[in-house]
Amino acid sequence: MNSSNQDTFFAAVGDVHGHFYAMLGLLQAWEFKTGLSLSFVLQVGDCEPHRHEEDVATMESPARYRKVGDFPDFWRDRARFPQPFWFIGGNHEPHGFLEQMPSGGQVARNCHYLGRVGKTTLAGLKVVGLSGIYRPEQFRGLRPPLSQIHSRSPKAYIGFNEAEVAIALEYQTADILLLHDWPSGIFQPDNPEELRGYENVGNEYARLVTEALQPKLLLCGHMHRRYRTRMSWSSGRATEVCCLAHIRQGQDAIAIFRLAPNGLLEEQPVE
Ligand SMILES: [Zn+2]
């Protein structure tokens, strides 16, 4: 690896689904193997930071997946995120908890929700995130208020809407964009057989936001599948697209990036 001690290393993580210890194990294994430290971690939704059973009840999910998971240990400060951890929401989240802070906030020590749509700066990089998935029936309206969380289906809270997309567009630029679902049209596997079942992957609004912000790096999850591609723009810029697997799939769920002092951003081998 051609790196200097001025370099910053950070990680991106796919759908965690409450398995925070498994995630930290994968990241710590990389740090141990390389002797390098990660400065921060970005996560692409379906994080599932449930504090307790009541939070789980506000998640859209089949009954068999409704588990509290590891988060209570972090929320109660019995366990720590070793580096700042930033996440967006997916379509499986404790809306009764996260909708209390639609603009984002700290949910445990070193653990930050970016909000339904939000931005932050990390190591000089502008990071923008848009939570949720595209659902045509929710796109034109407003999400129901938090007060209706127990009378509405949790499904009513999983979609992003037009107003949130508009805010993301107003950010104008990003170095890194976090989306849960993939932009439409990016999945072009070498073997066309692999397209089966993936014909309708992604959504046009994810593509729209990516094209508007033209980030150096787009991170997404949702499909529980590792995939890399590049989107090239008429401006001459290009976006490296990094789709991450479910944390239970092991190393395919994480990606490591090196940021050089000159701004160069490069994915590093995980193995
Ligand atoms: Zn997921």
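Just so you know, residue 1 is the first one in the sequence shown, and it goes up from there. Each ligand, and each atom within it, is numbered from 1 in the order the structure gives.
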## Note on the structure
With rounding to 10 degrees, His17 NE2, the Zn ion (ligand 1) and Asp15 OD2 define an angle of 110°
### Parallel, tilted or perpendicular: rings of Tyr21 and Phe74 (30°, 60°)
tilted
### Message
We want to know whether His246 and His222 form a side-chain donor-acceptor pair, criterion being a heavy-atom distance below 3.5 angstrom.
### Response
no
### Task
Look at His224 and state whether any of its N, O or S atoms is less than 2.8 Å from the Zn ion (ligand 1).
yes
### Query
Do side-chain atoms of Gln106 reach the backbone of Ala108 as a donor and acceptor pair under 3.5 angstrom?
yes
### Message
Only N/O/S atoms count here: what is the atom of Asp46 closest to the Zn ion (ligand 1) called?
### Response
OD2
### Query
Taking 4.0 angstrom as the limit, do Arg66 and Glu60 come out as a salt bridge?
no
